[in-house]
A.B. asks: 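One structure coming up, written as structure tokens, with questions to follow.
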Amino acid sequence: MNYGKWSATLSIICAVSLFVSYAIAPVQPEGMIVILLQVLFYGAIIMGFISIILSICAFKNKEIGFP
């Protein structure tokens, strides 16, 4: 398994999810938008932690980075 590529992919998804959650957030969120914002925000945090774990695994396996 190539941990480095998965780590980079999850990092990009994490950053996009955080950006989207702030871009679509109204001043006073109500209803379903609150649930959507929570899913985007907490999902991004979880993907960020998984990305860090995969980076550590890639480092321990001495994977070569992107050329």
Side-chain angles (χ1 to χ4, degrees):
M1 180 174 185
N2 194 347
Y3 295 110
K5 288 183 182 178
W6 280 105
S7 174
T9 303
L10 284 177
S11 295
I12 292 168
I13 294 172
C14 173
V16 169
S17 295
L18 283 174
F19 177 75
V20 169
S21 70
Y22 283 108
I24 66 170
V27 175
Q28 290 292 332
E30 297 175 345
M32 289 298 293
I33 194 75
V34 174
I35 296 170
L36 177 65
L37 290 173
Q38 288 176 346
V39 168
L40 284 171
F41 182 73
Y42 291 118
I45 291 173
I46 291 168
M47 283 186 271
F49 282 129
I50 293 172
S51 175
I52 291 170
I53 291 168
L54 290 175
S55 294
I56 292 169
C57 291
F59 183 73
K60 285 185 178 182
N61 288 338
K62 298 180 181 172
E63 288 186 13
I64 298 173
F66 297 109

A.B. asks: Are I33 and L40 in one and the same hydrophobic cluster, where Ile, Leu, Val, Met, Phe, Trp and Tyr link if side-chain heavy atoms are under 4.5 Å apart?
C.D. replies: yes
A.B. asks: Please report the shortest heavy-atom distance between L10 and S51, naming the atom on each side.
C.D. replies: CB-CB, 4.0 Å
A.B. asks: First locate atom OG of S21, then atom CG of L36, and finally report the distance between them rounded to the nearest 0.5 Å.
C.D. replies: 9.0 Å
A.B. asks: Do you know the tightest heavy-atom contact between G4 and A58?
C.D. replies: N-CB, 3.8 Å
A.B. asks: How close do T9 and K5 get, counting heavy atoms only, and between which atoms?
C.D. replies: OG1-O, 2.8 Å
A.B. asks: Would you say I24 ends up clustered with V39 if hydrophobic residues are merged whenever their side chains have heavy atoms under 4.5 Å apart, either directly or through other cluster members?
C.D. replies: no
A.B. asks: Let me check something: do I13 and L54 share a hydrophobic cluster, defined by ILVMFWY side-chain heavy atoms less than 4.5 Å apart, either directly or through other members?
C.D. replies: yes
A.B. asks: Please tell me whether M47 and F41 are part of a single hydrophobic cluster in this structure, the criterion being side-chain heavy atoms less than 4.5 Å apart.
C.D. replies: no
A.B. asks: For S7 versus S55, what's the shortest heavy-atom pair and its separation?
C.D. replies: OG-OG, 2.6 Å
A.B. asks: For a quick test of reading the model, state the closest non-hydrogen atom pair linking L37 to A25 and the distance between them.
C.D. replies: CD1-CB, 3.9 Å
A.B. asks: Do I56 and W6 share a hydrophobic cluster (ILVMFWY, side-chain heavy atoms under 4.5 Å, transitive)?
C.D. replies: no
